Amino acid sequence: MKPILLQGHERSITQIRYNREGDLLFTVAKDTVANVWYSVNGERLGTYNGHTGAVWCVDCDWDTKNVLTGSADNSCRLWDCETGKQLAMLNTSSAVRTCGFDFSGNIIMFSTDKQMGYQCFLNYFDLRDPQQIEDNQPYLTVPCSESKITSAVWGPLGEFVIAGHENGEINQFSAKTGEVLKKVKEHSKQINDIQSSVDLTMVITASKDCSSKLFDSTTLDHIKTFKTERPVNSAAISPIMDHVVMGGGQEAMEVTTTSTRIGKFEARFFHAAYEEEFGRVKGHFGPINCVAFHPDGKSYSSGGEDGYTRIHYFDPQYFDFELEA
């Protein structure tokens with residue numbers, strides 16, 4: 001089946017996110033707009049307008065009521081999903097790199113970049129306390145002086161945040177005290193992306209060291225490794241099969257000098273147990289920056305440096321990848 005092409009951004013895609021039911025797909029890019037689409041046909045529902053810099057991250061809560069975005073304009077913003085109205089704006093000293101709702105949708109976390117003399121912070125806000133939002137004062141701020149956070153997700157039950165760092169470390173930060181509960185360093189270079197499995201028992205990392213790794217989200221035990229010959233920008237775990245999909249490609253700076261085939265811009269499928277690659281899907285004209293599985297496992301989306309988001313439908317039992325391209 002031909003992929004659905006979503007064209008709503010003028011610059012490269014930075015993150016894509018499905019809501020829990022999978023009927024909506026949120027996309028953000030290095031332009032200032034956050035878009036929301038119907039995932040079934042690629043129709044654009046609307047936009048969230050207000051940011052004045054590149055939007056790095058997006059998340060949607062459990063019941064698709066609120067949307068959270070973080071941007072290089074030094075703000076993290078909360079939106080009403082249905083109306084597109086801005087509900088809250090949290091100002092920071094540097095760009096917001098990652099953001100997310102916990103399982104209940106009551107607590108949000110976001111991390112800021114280490115830049116302009118400011119260090120990286122991980123901030124926690126409780127949305128049930130309007131005073132925190134009003135005063136722009138998180139109930140917990142965790143400084144990360146050693147290495148900045150490049151990607152983060154909530155752990156099971158919202159007790160901690162699992163964060164990937166620039167130096168390849170993964171840390172668990174407690175949502176109550178801010179202390180580091182566990183720390184591992186399995187990657188040799190920057191972690192570009194962390195995503196959870198559907199039941200939150202595992203996380204998958206994507207790294208500049210040309211590999212992607214599977215970890216137990218509670219113990220951070222390293223389970224599997226998936227190797228490629230290009231930097232991996234994003235990886236996702238299938239909700240119904242033992243499959244993972246990875247996207248990446250050559251560094252964006254070098255892309256102009258090569259054809260799409262040499263640049264390795266395909267989405268790559270690996271078997272989660274055997275660590276073997278069994279399929280590739282072509283399509284993007286530049287590196288893939290983010291991938292995400294639909295919650296029903298029958299389609300996946302990829303967002304690229306070319307500014308396009310592509311939704312690919314397939315039957316997970318019968319992968320016929322030659323027809324996908």
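Because the structure is predicted, anything quoted here is derived from the model rather than measured.
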Does the pair Asn123 and Thr141 meet the rule for a side chain to side chain donor-acceptor pair (under 3.5 Å), with working shown? CA-CA 5 Å; Asn123 297 306; Thr141 299; 3.2 Å; yes
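- The six-membered or imidazole ring of Tyr313 lies away from that of His294, with a centre-to-centre distance of 6.0 Å or more.
- Residues Phe101 and Cys60 approach most closely at CD1-C, 3.7 Å, considering heavy atoms.
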Verdict with supporting geometry, Ser238 and Ile240, side chain to side chain contact (heavy atoms under 4.5 Å, CB included): CA-CA 6 Å; Ser238 168; Ile240 56 169; 3.9 Å; yes
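- Checked options Ser71, Ser111, Cys76; the residue passing with Val96 is Cys76 (criterion: side-chain contact (heavy atoms from CB on, under 4.5 Å)).
- With a 4.5 Å cut-off on side-chain heavy atoms, Cys81 and Tyr48 count as touching.
- Residue Val40 comes nearest to Ile4 through the heavy atom pair O-CD1, 3.6 Å, listed as atom of the first residue, atom of the second, then distance.
- For the atom pair Arg17 CZ and Thr69 OG1, the distance stands at 12.5 Å (nearest 0.5 Å).
- A donor-acceptor contact shorter than 3.5 Å links the side chain of Asn74 to the backbone of Ala95.
- Side-chain atoms of Glu275 do not come within 3.5 Å of backbone N or O of Phe226 as any donor-acceptor pair.
- A ring-centre distance under 6.0 Å is found for Phe125 and Phe110.
- Across all non-hydrogen atoms, the minimal contact from Ile149 to Asp113 is O-OD1, 4.5 Å.
- Ring centroids of Phe103 and Trp62 are separated by less than 6.0 Å, placing the two rings close together.
- Salt bridge annotation for Arg310-Asp306: absent, with no cationic side-chain nitrogen under 4.0 angstrom from a carboxylate oxygen.
- Annotation: side chain of Glu266 is in contact with side chain of Lys282 (closest heavy-atom distance under 4.5 Å).
- Note on Trp79 and Tyr38: same hydrophobic cluster, where clusters join Ile, Leu, Val, Met, Phe, Trp and Tyr whose side-chain heavy atoms are under 4.5 Å apart, directly or indirectly.
- The closest side-chain heavy-atom distance from Cys99 to Cys57 is below 4.5 Å.
- No donor-acceptor contact under 3.5 angstrom links the side chains of Ser12 and His9, judged on distance only.
- Residues Glu186 and Ile170 form no side-chain contact, since every pair of their non-hydrogen atoms from C-beta on lies 4.5 Å or further apart.
- A donor and an acceptor atom, one from each side chain of Asp23 and Asn19, are located under 3.5 Å apart.
- In this structure, CG on Asn171 lies 11.5 Å from NZ on Lys185, to the nearest 0.5 angstrom.
- Remark: Lys213 NZ to Ile194 CD1 distance equals 13.0 Å, nearest 0.5 Å.
- When side chains are defined from C-beta on, Trp154 does not count as touching Glu159, because their heavy atoms never get closer than 4.5 Å.
- Ser301 places no side-chain N or O within 3.5 Å of a backbone atom of Ile311 that could act as its donor or acceptor partner.
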For a side chain to side chain contact (heavy atoms under 4.5 Å, CB included) check, start with the C-alpha distance between Ile13 and Gln15, then their side-chain angles and the critical distance, and finish with the verdict. CA-CA 6 Å; Ile13 310 291; Gln15 195 170 29; over 6 Å; no
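- Taking 4.5 Å as the limit, some side-chain heavy atom of Ser39 sits within range of a side-chain heavy atom of Tyr18.
- Between Lys85 and Asp80 there is no salt bridge, since no side-chain N of the basic residue sits under 4.0 Å from a carboxylate O of the acidic one.
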Checking His271 against Asp242 for the side chain to side chain donor-acceptor pair (under 3.5 Å) test, could you report, in this order, the C-alpha distance in whole Å, the side-chain angles of both residues, the deciding distance, and whether it holds? CA-CA 6 Å; His271 195 285; Asp242 293 331; 4.8 Å; no
Apply side chain to side chain donor-acceptor pair (under 3.5 Å) to Thr150 and His165, showing your working. CA-CA 5 Å; Thr150 48; His165 294 256; over 6 Å; no
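- Side-chain atoms of Asn192 come within 3.5 Å of backbone atoms of Val232 as a donor-acceptor pair (strictly under, hydrogens ignored).
- Proximity of Leu78 to Val67: side-chain heavy atoms (C-beta onward) are nowhere separated by under 4.5 Å.
- With ring centers used as reference points, Phe269 lies under 6.0 Å from Tyr300.
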Run Asn289 and Glu305 through side chain to side chain donor-acceptor pair (under 3.5 Å) and show every step you take. CA-CA 6 Å; Asn289 291 340; Glu305 193 72 32; 3.1 Å; yes
Working note: Ser234 + Gln195, criterion side chain to side chain contact (heavy atoms under 4.5 Å, CB included); need CA distance, chi angles, decisive distance, verdict. CA-CA 8 Å; Ser234 186; Gln195 291 193 36; 3.4 Å; yes
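- Among the candidates His187, Arg230, Glu166, Gln190, the single residue satisfying the side-chain contact (heavy atoms from CB on, under 4.5 Å) test with Lys208 is Gln190.
- No side-chain donor-acceptor contact under 3.5 Å links Asp216 to the backbone of Met202.
- Comment: Glu277 engages Arg268 in a salt bridge, judged by a side-chain N to carboxylate O separation of less than 4.0 angstrom.
- Under the 4.5 Å side-chain contact rule for hydrophobic residues, Ile237 and Met246 share a cluster.
- Under the 4.5 Å side-chain contact rule for hydrophobic residues, Ile16 and Trp37 share a cluster.
- No donor-acceptor pair closer than 3.5 Å links the side chain of Asp135 to the backbone N or O of Gln137.
- Side chains of Asn106 and Asp61 form no contact here, defined as non-hydrogen atoms less than 4.5 Å apart.
- For Phe160 and Phe173, the ring centers sit 6.0 Å or farther from each other.
- The closest donor-acceptor contact from the side chain of Lys224 to the backbone of Ala273 lies under 3.5 Å.
- With hydrogens and angles ignored, the 3.5 Å screen pairs no side-chain donor or acceptor of Thr52 with any backbone N or O of Asp73.
- A salt bridge is absent between Arg11 and Asp31; no separation between the charged side-chain nitrogens and carboxylate oxygens falls under 4.0 Å.
- Leu181 and Leu220 fall within a single hydrophobic cluster, where Ile, Leu, Val, Met, Phe, Trp and Tyr are joined by side-chain heavy atoms under 4.5 Å apart, directly or via other members.
- A salt bridge does not link Asp296 with Lys298: none of the charged nitrogens is closer than 4.0 Å to a carboxylate oxygen.
- Considering all non-hydrogen atoms of both residues, Asp59 and Gly100 come closest at OD2-CA, 3.2 Å.
- Contact check on Glu169 versus Lys189 returns no salt bridge, with no Lys/Arg side-chain nitrogen under 4.0 Å from an Asp/Glu carboxylate oxygen.
- In plain terms, the two heavy atoms of Met109 and Leu68 that are nearest each other are O-CD2, 4.4 Å.
- Remark: side-chain polar atoms of Gln172 are paired, donor with acceptor, to backbone N or O of Thr218 under 3.5 angstrom.
- In the hydrophobic clustering of ILVMFWY residues, with side-chain heavy atoms under 4.5 Å counting as a link, Val180 and Val184 come out apart.
- At distances below 3.5 Å, at least one donor-acceptor pair connects side-chain atoms of Ser217 with backbone N or O atoms of Thr201.
- In this structure, OH in Tyr124 is found 12.0 Å from CD1 in Ile108, a value given to the nearest 0.5 Å.
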Walk me through whether Arg77 and His51 qualify under side chain to side chain contact (heavy atoms under 4.5 Å, CB included). CA-CA 8 Å; Arg77 302 184 191 215; His51 282 295; 3.3 Å; yes
